[in-house]
Amino acid sequence: MSVSTPAVPTFGLDVLRRLREIVGAENLLSQREELLVYECDGYTIEKQVPDVVVFPTTTEQVVQIVKLCNEFQLPFIPRGAGTSLAGGSLPVGGGVMIALTRMKQILEVNLRDRFAIVEPGLVNVHLTQRLKGTGYHYAPDPSSQGACTIGGNVATNSGGPHTLKYGVTVNHILGVEAVMPDGSVVTFGGPAEDAPGFDMTGLFVGNEGTFGICTKAWVRLTRDPAAYRTMLGIFETVEAATQTISNIIGAGIVPAALEMMDSGIIEAVEAAFHFGFPLDAGAVVLIEVDGLEVAVDEEARTIIEICNTSGAREVRQANTPKERLLLWKCRKQAFGAIGRLSPSYCTQDGVVPRTKLPEILRLIVESGKRHNLRIVNVFHAGDGNIHPIILFDERDADQVQRVLHASDEILEACIELGGSVTGEHGIGVEKISFMSKLFSEADLATMLKVRLAFNPTGLCSPKKMLPTAGACGTEQQIVKTGVRAAM
Amino acid sequence: MSLPTLAAFADEFTPATQTELARFMADNFSTRQRVLYPVGGRTALHFGCPAVEPGVAISTAKLTGVIDYPARDMTVTVEAGIRIETLNELLSHERQRLPIDVPQSHRATLGGIIACNAGGARRFGLGTLRDYIIGISAIDAAGTQFKAGGRVVKNVAGYDLCKLLNGSLGTLGLITQVTLKLRPIPEATRWLWASFASFQEIEAAFDKLLLSATRPIAMEVLDATAAVQIAADARTSLPTDGPVLGLAFEGSAREVAWQIDTLQAELKLLGPRQVVITPDAEADGLWNALTEFEVTAEEPLTFKANVLPSRTMEFMELAAREQISVQAHAGNGIVIGHLPDRVTTAQTAAALLTPLRRFVRQYHGNLCIVNSPEAWKQEIPTWGESEPSWPLMQRLKEQLDPLDLLNRGRFIFPAPVPMDQG
Ligand SMILES: Cc1cc2nc3c(=O)[nH]c(=O)nc-3n(C[C@H](O)[C@H](O)[C@H](O)COP(=O)(O)OP(=O)(O)OC[C@H]3O[C@@H](n4cnc5c(N)ncnc54)[C@H](O)[C@@H]3O)c2cc1C
Ligand SMILES: Cc1cc2nc3c(=O)[nH]c(=O)nc-3n(C[C@H](O)[C@H](O)[C@H](O)COP(=O)(O)OP(=O)(O)OC[C@H]3O[C@@H](n4cnc5c(N)ncnc54)[C@H](O)[C@@H]3O)c2cc1C
């Protein structure tokens, strides 16, 4: 794959020297072989080596780095754990990569006021671990939570399996401290809700690194559920499964999770783990309700009834915490199993209204047939957030082309069905060309104005999110999709 | 209620369609550049700084269409002029709702409540408007129609302008159409009220109640005066022998009943004076009275303060000592206060508010004026003390409304010098 030339000349030694002065030699990488690790994130098809990677340990250091970049007109880009599946942390413009992974303290946990203050490089699951036993947790739990950072979650407005009931990242962020693209430090929101003025926190979340660098976040803590009921509905057809999902939601029940796996995934999972899934089933749905002990049994009963009247072949119930974990393990390791089916695979991320799930899944099957590709599905059905996984061999150029076409077809179908091209992975560089299909020129112009208020020079994360990316020039032709980690 | 700001509107325009409105605004932008005042149900026009210049009121009265209600997707797309009561009525046929508490819902419009970021007691358990708006369309001052978000419940494409427009008081764009995420209407709702000897005792009770086995969806605290007023308005009885704490539950009948029992047992250890469970027949009236409290008062001045939840009781005590009647969405640190009748001048009001303002500033909060005689607004800052992020907000405003045509002078931005009116 081609590597684009950096927009800036290679660094002068004085820049490196000054960066080293700011962060210390131990917090700076500039050797080519060291930099290779940072040439891409979870989206591996496009690569661009940054000129230098710095690891600030304080907000003040971030300020100085950003000011230096302004002085030398160097592009800069924040990076968390690099698990983005959309090329969000790809340093398209070269320049200085600011990796926040050494700013990872939990600065405060305040249970009385139900918030925590964390640094951006904190790994999501570390907060969960820290809160264990307090009766509270941090609700957003992307499947990558063992690696991804809260700063990255804030930047991409991450979701996860529990989004259905608990919402996405933005619903749990009270405030952020950010170093603006000009080097000033601003705090939006904070532990007291409803500050007068615009909801800058809400606007900031999901900016994909283009509004500045998040250096601190006030996150909302949520009470732990008292009880869970976890079930597995087994269906003859995908239609029956998706209709059931719609019926559950239509009945006024908001489960904690509604995750669907089709026969392709069932086959892969069964081959890998011998879990006991029926291989002749068209689809299974992992259903979890949580809440009060008195409530979950009632809800579980209603759900089982709905499943049965909607044509489920069988509903299995996890009767012990161990059985529950087993079911979840199966869901979460589905991706690991795919590796056995195919040398490479590509996960798409689209959204449709939940009643349109049968339709989009039909279209996915058709698209697979048309392009002679195998596509399997495991996804957040309750939200209508599909993740079709296209199996292929990346050594076969023709297959790669067909994968690209199928991906495009599926995403365009999502738009046609009234949905979106990304439910949680973001636009990054991967989906920039879809922005003008989702939004009008006027919509994009308005979004650009918003960015200009934060990032007038365009030095911060150039060429991201919007097709006309800031001051740094024209849209580049993006080579789409590739071998990617799952979800 | 008188609407003094309306006097400043020289003219009024009521478009029949969004397109007609866009044309009107584009035309205004390229010709007379008059100031535009978006108007919904006219329930909160006094909210914010008074309009200082004549201009055109733009009414959304005819933009009331239901664009799409795919009930099984639990979303609805409607035009912004729809009344909240009409919307609730529509949704109730499908046993769904937008769980936001809105005063004067028979008049207030969706666009209006979004512009003001309205909300009440349910926010503790169910969140605020920002959590329910998944798509928005608006028209900027130049007449450009723009949108953000979409019609699906999960979507991260593009910047989240839904959040930006929510609470922007119509200063960035005229909201024309909105897509909302909905919730099921629960089977049951019930309140339990307990009075305590002091606000400190309630704070001590919170320590335990925040880890209660129950999951309340509202945590209200009223001082005795507010409790008397709300009880009278709701034609229900509340304990009034001290500050009173109210917890609400929603869910299945069984779930709610279990929580009320459990909470009663938990409360026994916390020494309340009196406990009252609101009879089901009076619950709707009570929700209503609690929601209307911030707007029903005849009092000279009403404020809304935000503060750390753990400092809310201290704040209420400080206020109640001055006979300010107070209601708090205590789980969220939001306090509504009505100054007592004895306050007849801006100076006395300002003097009364000064220590309160100082207190909230100490604990990350602010204090805004919801309602007061117009003349007082010169002396008492409507939007509280300036926050460090305001200059950035100003840059956003300049980007989206460079001529400052939308609700000029009414929000946090520096009031312009009035133009010669001749
Ligand atoms: C196996 C796997 C499973 C996944 N599952 C999910 C899932 O369930 N739900 C989901 O939503 N996503 C999922 N993802 C995608 C990814 O994990 C999320 O997007 C995550 O939030 C990225 O965090 P990160 O720390 O890795 O950020 P990075 O990948 O390093 O960066 C992502 C973006 O955020 C910006 N950024 C990072 N830190 C900051 C900061 N401090 N300030 C400003 N901008 C910043 C970057 O510039 C970039 O644009 C998954 C990814 C993988 C590999
Ligand atoms: C601090 C605060 C104070 C409140 N005070 C009151 C009160 O005193 N009385 C009351 O009944 N409720 C009040 N509310 C509750 C609630 O906000 C109002 O009921 C509701 O917002 C008013 O809706 P409306 O349609 O009547 O709007 P209007 O009263 O017509 O307008 C209110 C504001 O919203 C703007 N606006 C209206 N429609 C649009 C639109 N489509 N696009 C852009 N901007 C628009 C207007 O320019 C105006 O600034 C208050 C809420 C808050 C948060």
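Just the heavy atoms: all of them, side chains too, but no hydrogens, waters or symmetry mates, feed the values below. Letters A, B, ... mirror the listed sequences (proteins, then strands); counts begin at 1.
- For chain A, the nearby parts of B/L164 are the backbone and the side chain; heavy atoms of each come within less than 4.5 Å.
- Taking the six-membered ring for Trp and the full ring otherwise, A/F211 and B/Y159 have centroids separated by under 6.0 Å.
- Contacts between B/N117 and chain A at a heavy-atom distance below 4.5 Å involve the side chain alone, from C-beta outward.
- Around NZ of A/K437, the count of heavy atoms belonging to other residues, nucleotides or ligands within 6.0 Å exceeds 12.
- Contacts with chain B were tallied for A/V186, A/T355, A/I249; A/T355 has the most, counting heavy-atom pairs under 4.5 Å.
- Only the side chain of B/Q259 comes within contact range of chain A, with heavy atoms under 4.5 Å apart.
- Residues A/E193 and B/R130 are not paired through a salt bridge, judged by the lack of any N-O separation under 4.0 Å between the basic side chain and the carboxylate.
- Once rounded to the nearest 0.5 Å, the distance linking CE of A/M200 with OG of B/S389 reads 6.5 Å.
- Chain B forms the most heavy-atom pairs under 4.5 Å with one residue out of A/T187, A/L164, A/T163, A/V421, and that residue is A/T163.
- B/P184 is listed as a side-chain neighbour of A/V254, based on a closest heavy-atom distance under 4.5 Å.
- Using a 4.5 Å cut-off between heavy atoms, A/L292 contacts chain B through its side chain alone, with no backbone atom that close.
- Only the backbone of B/T214 comes within contact range of chain A, with at least one heavy atom under 4.5 Å from a heavy atom of that chain.
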For this session: Kindly determine whether A/D194 and B/K304 satisfy salt bridge (Lys or Arg N to Asp or Glu O under 4.0 Å), including the steps that lead there.
Result: CA-CA 10 Å; A/D194 276 15; B/K304 173 182 155 183; 3.2 Å; yes
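- Comparing A/N157, A/T446, A/T201, A/I427 by heavy-atom pairs within less than 4.5 Å of chain B, the highest count is held by A/T446.
- Proximity to chain A (any heavy atom under 4.5 Å) is restricted, for B/F206, to the side chain, taken from C-beta onward.
- The two residues A/Y136 and B/L210 have their closest heavy-atom pair at OH-O, 3.3 Å.
- With values rounded to the nearest 0.5 angstrom, B/S168 atom OG is found 11.0 Å from A/L203 atom CG.
- Considering every non-hydrogen atom in both B/L392 and A/A453, the closest pair reads CD1-O, 3.5 Å.
- The backbone N or O of B/S212 lies less than 3.5 Å from a partner atom in the side chain of A/R223, making a donor-acceptor pair.
- Ranked by heavy-atom pairs shorter than 4.5 Å toward chain A, the options B/N366, B/D160, B/N332 are led by B/N332.
- Among the candidates B/G158, B/P186, B/P388, the residue making the largest number of heavy-atom pairs closer than 4.5 Å to chain A is B/G158.
- A heavy-atom distance below 4.5 Å is not found between the side chains of B/V152 and A/R354.
- Of all heavy-atom pairs spanning A/K449 and B/D140, the tightest one is NZ-OD2, 4.0 Å.
- In this structure, no portion of B/A71 lies under 4.5 Å from any heavy atom of chain A.
- A/S158 does not touch chain B: none of its heavy atoms, backbone or side chain, sits under 4.5 Å away.
- A donor-acceptor contact shorter than 3.5 Å is absent between the side chain of B/N155 and the backbone of A/S420.
- Contact of B/I185 with chain A is not made at all, since no heavy-atom distance falls under 4.5 Å.
- Residue A/S184: no heavy atom, backbone or side chain, is found under 4.5 Å from chain B.
- Side chains of A/S246 and B/R72: a donor on one and an acceptor on the other come within 3.5 Å.
- Ranked by non-hydrogen atom pairs under 4.5 Å with chain A, the options B/I412, B/L161, B/L367, B/L396 are led by B/L396.
- Contact of B/W258 with chain A is made through the side chain alone, with heavy-atom distances under 4.5 Å.
- The neighbour count for A/E441 CD, taken as heavy atoms of other residues, nucleotides or ligands under 6.0 Å away, does not exceed 12.
- Put simply, the side chain of A/V450 does not reach to within 4.5 Å of the side chain of B/Q399, judged on heavy atoms.
- Considering all non-hydrogen atoms of both residues, B/A157 and A/L438 come closest at CB-CD1, 3.4 Å.
- The residue among B/K163, B/K154, B/Q96 with the most heavy atom pairs within less than 4.5 Å of chain A is B/K154.
- When all heavy atoms are compared, the tightest approach of B/N166 to A/D199 is O-CB, 4.4 Å.
- Only the side chain of A/N385 comes within contact range of chain B, with heavy atoms under 4.5 Å apart.
- Comparing A/V168, A/D113, A/N110, A/V294 by how many heavy-atom pairs each has under 4.5 Å with chain B, the most go to A/D113.
- Most heavy-atom pairs under 4.5 Å with chain A: of the set B/R183, B/K147, B/E255, B/H364, this distinction falls to B/K147.
- Looking at B/S310, both its backbone and its side chain come within 4.5 Å of chain A, counting heavy atoms on both sides.
- The part of A/V352 that comes within reach of chain B is its backbone (N, CA, C, O), which places non-hydrogen atoms under 4.5 angstrom from that chain.
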For this session: Could you check B/D207 against A/R112 for side-chain contact (heavy atoms from CB on, under 4.5 Å), going step by step and ending with a plain yes or no?
Result: CA-CA 7 Å; B/D207 253 1; A/R112 169 60 187 88; 4.0 Å; yes
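- When each of A/G135, A/G197, A/A295 is checked for heavy-atom pairs under 4.5 Å with chain B, A/G197 comes out on top.
- In this structure, B/F411 has its ring center under 6.0 Å from that of A/F198.
- Between A/R114 and B/G331 the shortest heavy-atom distance is NH2-O, 3.1 Å.
- Interface remark: of the candidates B/R151, B/R395, B/M393, B/M393 forms the most heavy-atom pairs closer than 4.5 Å to chain A.
- In terms of heavy-atom pairs under 4.5 Å with chain B, the best-connected choice from A/G159, A/P353, A/G206 is A/P353.
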